[in-house]
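This report concerns only the one structure given below.
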Amino acid sequence: MGLGILEDTKLEHVPGECFWVNAGPEATPTPADEMDPRLKYDTRGPKPILLIPQPSDDPNDPLNWPMWKRDLITLVLCAISVSVEFVVDGGVLFRLGPLLAANTVWLKVQLRISFTDTALLTGWHLLGVGVAGFFFVPTSRVWGKRHAYIIATLLLIGSSVWGGAAKGHKSLLWARVFQGFAVAPFEALVNASIGDMYCVHDRGKRMAFTNFALYGGAFLTPVIVGKLTIEQSWRWVFYWVAIAGAVISPFVWFFVPETAYRREVNTDIDDTSALFNSSDSSNKEFPEGSARNVPASSTDDEITAAKSIPPKKTFLQSLALFDGRKTDDSLWKLALRPLPLLFQPAIIWGMLTQGALIGWTVLIGVVIGAFYSGPPKFYAMDKVGYLYTGSFLGALAGFIVSGVLADSTAKLLAKWNNGVYEPEFRIILVIPQLIFGVMGVFGFGYTADDVEKWGDIIPPMFFGFEVMGMVLGATSSALYLVDAHRDIAIESFTALLLFKNFFSFALTWYGFDWINETSVWKMMWAAGTAQICICLLSVPMYIFGKRNRSFFHRHNILEMCGLD
């Protein structure tokens, strides 16, 4: 049993487990402490780090791209994700979500609709995100992710112009739905792109950054939107999103090539560590890209095929919208694959760990709309927007903490585990999520229940702690699913996308009624209690996670459903 993780008794090696080079104690060398000439290493630092997964010899393999190129792609995707955040209210939730948060009362008066209908301008937007996932995710599995990013960027521009020009509630509602379609690829695929481009030891900080871009901008948006609405009207909120999308779109076209890569030989985590399962590895097959990747019994034709390396694509070739199929699987089967995964314990854990706190931000957005822009405060839109400053600072703090802890804790635990890395080490980030997230939910509920007593500073401060926990949970769940279940990472993120968006939609639908039926404190107390239970699910997930990986490797749920 490694550091509390129960060992599996069915498989010699469980997918996801691997050696982390130089992670073992100095006094107790492990097989990974010596550089194997058959394998590839990261030699940028003072000590070599085994590359997991192993890159191929193909120069078009994203794992072989220069680090500056990969980081540039990440930066561009994060930039467009922030723009996606700039779209219209609801909450604090996702990109286009918060655009309207500061405008709740104003829109209610202008469009002559109820508070619930105003909140549902975000709710239906979130529903659009979830529905669009069924289209973009399977197509990205078949033809890669580049077309999804480009189509979504164009859709973002068009739907934002539509939203700004909308003449009534229905028109604005449909603009919001199509904005949701534009958000879906960035919700579901950006973290998967990080898995495409980076090895395990490089993912933590990058994924923390992408989650900050995906969620952090949502909390800065209301601060700016409130002022924009006062100065230029709420329509210009949409127009500025369209302008930002138009400015960034050339960068997406020219600097975000296809990151999906079809590997003829599986070089994922399990293959690499399998090399060290036996002291005599002379007869083993080695990962593609190693010095020896052809068995001694191979024919001359097989050897020639194995040594064949494609030429490096030109810049113009990299601009192609499609560069071939990435899988031979049926498109409709791929569209259905996320559904049975909703019953996989690791996916359920990920959905709850990431999605619940996002849902509670919806409730907090509803409270802010009801208690600050309405009675008893009747704040102007710009002042309501400023209340989101604390949540943005919380998102920034969550990014910093998760960026610092994500890779360092995993490496430290691998060191304590004699150099063996287990994906369950990523779950440790749930500890600070529990501390800050639950403190934020309870604290906001208690202080917002009496806004006259606690004023304008304390409730938003606790809102910031809640958001900090949200970012930590999003990073933890994303990293775990990429490392533990790399072969179904995109489907996993689709399941997360479905849960958090449909859950948030339900909360926007019932949020105002819930407040009217009870107090803010009782509502947030229920949310905080639920969050404690969700965080505690990480304990059995950590302990039994390895056995869960083994079980579903041996009992393929997708194969049982005819979707593998």
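We use all heavy atoms of the structure for the numbers below, so side chains are in, but hydrogens, waters and symmetry mates are not. Note that this is a predicted model, so its numbers are computed, not measured.
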Exercise. Can you list the steps and then say if Val256 with Phe251 is a side-chain contact (heavy atoms from CB on, under 4.5 Å)?
Worked result: CA-CA 7 Å; Val256 182; Phe251 291 89; over 6 Å; no
Could you tell me if the side chain of [Y] sits less than 4.5 Å from the side chain of [X], heavy atoms only?
X: Phe209; Y: Leu75; value: yes
X: Gln433; Y: Met470; value: no
X: Leu352; Y: Leu537; value: yes
X: Pro257; Y: Leu319; value: no
X: Ile80; Y: Val76; value: no
X: His147; Y: Ile150; value: no
X: Met560; Y: His555; value: yes
X: Phe212; Y: Cys78; value: no

Could you report the tightest heavy-atom contact between [X] and [Y], atom names first, then the distance?
X: Leu497; Y: Gly133; value: CD2-CA, 3.8 Å
X: Thr475; Y: Ser402; value: OG1-OG, 3.8 Å
X: Pro53; Y: Arg203; value: CD-NH2, 3.6 Å
X: Val482; Y: Phe493; value: CG2-CZ, 3.4 Å
X: Val471; Y: Phe399; value: CG1-N, 3.8 Å
X: Ile358; Y: Ser504; value: CG2-OG, 4.0 Å

For this session: I would like to know whether Asp57 and Lys40 meet side-chain contact (heavy atoms from CB on, under 4.5 Å); could you show each step before the answer?
Result: CA-CA 10 Å; Asp57 287 333; Lys40 296 183 178 182; 2.9 Å; yes
If we count only N and O atoms by modelled type, under 3.5 Å, do the side chains of [X] and [Y] hold a donor and an acceptor together?
X: Thr210; Y: Arg206; value: no
X: Ser477; Y: Trp349; value: no
X: Arg426; Y: Tyr421; value: yes
X: Ser160; Y: Gln179; value: yes
X: Asp42; Y: His201; value: yes
X: Asp323; Y: Tyr261; value: no
X: Ser56; Y: Asp58; value: no

Problem set entry | Lys326/Asp196 under salt bridge (charged side-chain N to carboxylate O under 4.0 Å, His left out): CA gap, chis, key distance, verdict | CA-CA 13 Å; Lys326 307 303 177 183; Asp196 292 339; over 6 Å; no
How long is the span from the [atom1] atom in [X] to the [atom2] atom in [Y], to the nearest 0.5 Å?
X: Leu334; Y: Ile490; atom1: CG; atom2: CD1; result: 9.5 Å
X: Met197; Y: Thr74; atom1: CE; atom2: OG1; result: 3.5 Å
X: Ile73; Y: Trp68; atom1: CD1; atom2: CH2; result: 9.0 Å
X: Ile309; Y: Asp61; atom1: CD1; atom2: CG; result: 11.5 Å
X: Lys546; Y: Glu7; atom1: NZ; atom2: CD; result: 3.5 Å
X: Leu472; Y: Leu357; atom1: CG; atom2: CG; result: 9.5 Å

[X] atom [atom1], over 12 foreign heavy atoms within 6.0 Å:
X: Phe343; atom1: CZ; value: no
X: Lys312; atom1: NZ; value: no
X: Phe502; atom1: CZ; value: yes

Problem set entry | Salt bridge flag under 4.0 Å for residues Glu424 and Arg549 |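 Salt bridge: yes.
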Exercise. Any idea how Phe181 and Phe178 line up, ring-wise: parallel (<30°), tilted (30 to 60°), or perpendicular (>60°)?
Worked result: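 Rings of Phe181 and Phe178: perpendicular, as their planes differ by over 60°.
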Problem set entry | Aromatic plane relationship, Trp143 with Phe322 - under 30° parallel, 30 to 60° tilted, over 60° perpendicular |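 Rings of Phe322 and Trp143: perpendicular, as their planes differ by over 60°.
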For this session: Would you please test Leu63 and Leu51 for side-chain contact (heavy atoms from CB on, under 4.5 Å) and show each step?
Result: CA-CA 9 Å; Leu63 294 177; Leu51 295 179; over 6 Å; no
For this session: Take Arg486 and Leu481 through the side-chain contact (heavy atoms from CB on, under 4.5 Å) test and state the conclusion after the steps.
Result: CA-CA 7 Å; Arg486 183 76 187 94; Leu481 292 176; over 6 Å; no
Donor-acceptor check, side chain of [X] to backbone of [Y], threshold 3.5 angstrom: yes or no?
X: Gln344; Y: Leu341; result: no
X: Ser476; Y: Gly473; result: no
X: His13; Y: Glu17; result: yes
X: Tyr198; Y: Arg70; result: yes
X: Thr353; Y: Gly350; result: no

For this session: Decide whether a cation-pi geometry holds between Arg146 and Trp253; the criteria are a distance under 6.0 Å from NZ or CZ to the six-membered ring centre and an angle within 45° of the ring axis.
Result: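 The answer is yes; both the distance and angle limits are met.
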For this session: Start with the C-alpha distance between Lys145 and Glu258, add both sets of side-chain angles, then the distance that settles salt bridge (charged side-chain N to carboxylate O under 4.0 Å, His left out), and finish with yes or no.
Result: CA-CA 6 Å; Lys145 304 176 183 68; Glu258 183 56 64; 5.2 Å; no
Exercise. Are the aromatic rings of Tyr480 and Phe425 close, with centres under 6.0 Å apart?
Worked result: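 Not close enough - the centres of the two rings lie 6.0 Å or further apart.
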